Protein chains: 2
Amino acid sequence: MPDSPTVGRRERKKAATRQAIADAALELFLEHGFERVSVRDVAERADVSTTTLFAHFPGKEALVFDREADVEAELVAAVRDRPEGLGVVEALRAHALASWVPLAADPRRERFTALVNGTPALREYGERMWMRHAGALSSAIAEELGRDEDDLACAALARFVLEIPALATGRHDPRATVETVFDLLINGWRSQLGPDAG
Amino acid sequence: MPDSPTVGRRERKKAATRQAIADAALELFLEHGFERVSVRDVAERADVSTTTLFAHFPGKEALVFDREADVEAELVAAVRDRPEGLGVVEALRAHALASWVPLAADPRRERFTALVNGTPALREYGERMWMRHAGALSSAIAEELGRDEDDLACAALARFVLEIPALATGRHDPRATVETVFDLLINGWRSQLGPDAG
DNA sequence: GCAGAAACTTGAACGGTTGCACTTATTGAC
DNA sequence: GTCAATAAGTGCAACCGTTCAAGTTTCTGC
């Protein structure tokens with residue numbers, strides 16, 4: 001038995017059920033489209049009751065974002081465990097370039113990305129889910145900089161950084177987009193729009 | 001008959017029905033709470049069928065945001081018709097201070113604001129609705145500055161400015177919040193976080 | 001082994017939303 | 001004025017996401 005002994009059969013079965021549901025959902029959604037597949041269809045394909053489905057997932061949209069679980073931890077870690085001497089904003093820029101951009105560009109994810117971006121309900125759900133990390137990120141930044149937990153500059157920075165993926169989707173060069181927006185956040189719009197325009 | 005003659009009885013009745021529905025909805029929501037009032041309740045109080053209700057409003061949440069119709073036009077106008085010599089960002093700051101802040105602080109709106117902020121579904125709907133103006137605002141800014149319609153600096157500015165209300169709700173001094181965030185947008189986080197931190 | 005917890009099932013229900021077939025009121029053209 | 005066309009509104013049934021209640025099966029710790 002090479003596997004971890006601490007995890008009992010119960011937990012394993014639960015995880016398997018969850019996985020079966022998520023797999024069934026993604027399959028059906030990719031084949032027929034999100035809105036044309038009912039939650040009952042998914043449950044039937046996974047061979048469980050709809051009640052069980054909702055015991056594992058809080059809603060239909062959540063079936064799609066199964067795998068994006070610990071993004072928040074990574075986000076906070078990127079700020080907290082950054083290399084010495086590196087600024088918070090630069091750490092976030094590096095994280096964005098290293099984690100978000102390749103993920104969004106991964107050709108294996110092409111169909112998945114198309115599904116999400118082509119379904120308004122999913123796009124909005126994803127963005128909202130993403131934005132819910134603003135509180136944690138804001139706190140982490142504030143703590144790193146020795147400021148009040150609810151410091152406005154930190155809260156604003158967190159929200160704006162988390163808006164970047166939404167800004168980047170649909171643009172030809174996501175990498176350049178991320179770079180440019182971080183430059184804007186650092187230097188302000190004064191530099192971009194000119195002294196008269198600002 | 002002092003009223004405009006061009007508007008026929010049909011349109012007047014339609015508007016009256018719409019108003020009756022919106023009034024009934026707000027009354028019931030304020031009294032019993034958004035989630036404890038069904039859309040059928042609203043329809044009955046307004047003395048129409050639910051089918052009619054949904055012919056006037058695209059969804060339950062929309063019943064609440066009845067009056068926020070031409071915000072987008074005002075937003076674009078604030079940029080387009082700004083005083084000569086005033087920068088785009090400053091025009092947006094002035095608009096925010098003149099239009100958003102007093103509205104949010106209006107004591108006559110207290111119960112309404114409490115309803116929206118106290119109901120997650122309504123808060124999220126409102127924010128999403130708000131963000132849908134990003135495209136129009138971005139285009140207006142770009143046109144004012146003679147840039148490409150999809151210029152990144154303009155798109156980012158639009159989204160970030162529209163985030164400000166969400167950032168300001170729940171803070172003790174909304175006016176100061178708006179001022180600070182605009183300063184941040186203009187000067188960048190470099191100035192706030194220090195040269196080493198940025 | 002056994003008691004109890006946890007996963008799962010069945011079936012029904014609720015509330016938001018839409019489609020359909022139908023009535024009624026308003027309009028514009030003649 | 002009449003009439004056909006159109007738009008508003010009605011009633012009803014259905015679909016869908018979601019939840020609840022009560023019961024069954026399966027695992028776990030002692």
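Protein chains get the first letters and strands the later ones, always in sequence-line order, with residue 1 at the start of each. Quick caveat, the model's predicted, so the values are computed rather than measured.
Using a 4.0 Å cut-off between a side-chain N of Lys or Arg and a carboxylate O of Asp or Glu, B/Glu127 and B/Arg123 qualify as a salt bridge. The existence of a salt bridge linking B/Asp23 and B/Arg45 is excluded, since no basic side-chain nitrogen approaches an acidic carboxylate oxygen closer than 4.0 Å.
In this pair, B/Phe160 and A/Phe160 present their aromatic rings parallel. The plane angle is below 30°, not in the 30 to 60° band.
Within 4.0 Å of B/Val42, counting heavy atoms only, lies no atom of the nucleic acid at all. Within 4.0 Å of B/Asp41, counting heavy atoms only, lies no atom of the nucleic acid at all. Among the atoms of the strands shown, base atoms are found under 4.0 Å from some heavy atom of A/Arg10.
Contact annotation: B/Lys13 side-chain N/O to C/dA25 OP1/OP2 distance is not under 4.0 Å. Regarding contacts with the backbone of D/dA8, every side-chain N or O of B/His56 stays at 4.0 angstrom or more from both OP1 and OP2. In this model, the phosphate group of C/dT9 is approached by a side-chain N or O of A/Thr52 to a distance below 4.0 Å at OP1 or OP2. For the pair B/Thr17 and D/dG9, the criterion of a side-chain N or O lying under 4.0 Å from OP1 or OP2 is met.
Side-chain atoms of B/Arg40 lie closest to C/dG16 of the nucleotides D/dA8, C/dG16, D/dT28. Nearest to the side chain of B/Ser38, among C/dT27, C/dG15, D/dC16, sits C/dG15. Side chain of B/Glu61, nearest nucleotide from D/dG9, C/dT17, D/dT19: C/dT17.
At whole-Å resolution of the value, CZ in A/Phe54 and C1' in C/dA7 are 17 Å apart. Atom CZ in A/Phe57 sits about 19 Å away from atom C1' in D/dC16, given to the nearest Å. In this structure, B/Lys14 atom NZ and D/dA7 atom P are separated by 9 Å, rounded to whole Å. Atom CZ in B/Arg9 sits about 12 Å away from atom P in C/dG28, given to the nearest Å. Between B/Leu53 atom CG and C/dT18 atom P the separation is 11 Å, expressed in whole Å. The distance between atom OH of A/Tyr125 and atom C1' of D/dG17, rounded to the nearest whole Å, is 13 Å. Per the geometry, CZ belonging to A/Phe29 stands 13 Å off P belonging to D/dC16, to the nearest Å. Separating the NE2 atom of B/His32 from the C1' atom of C/dG15 is a distance of 17 Å, rounded to the nearest angstrom.
Annotation: cation-pi geometry not satisfied between B/Lys60 and B/Tyr125 (NZ/CZ under 6.0 angstrom from ring centroid, within 45° of ring axis). Relative to the ring axis of A/Phe29, A/Arg111 does not place its NZ or CZ within 45° and under 6.0 Å from the centre.
In terms of polar N and O atoms assigned as donor or acceptor, the side chain of A/Thr51 comes within less than 3.5 Å of the base of C/dT10 in a complementary pairing. In this model, no side-chain donor or acceptor of B/Arg12 finds a partner on the base of C/dT26 within 3.5 Å.
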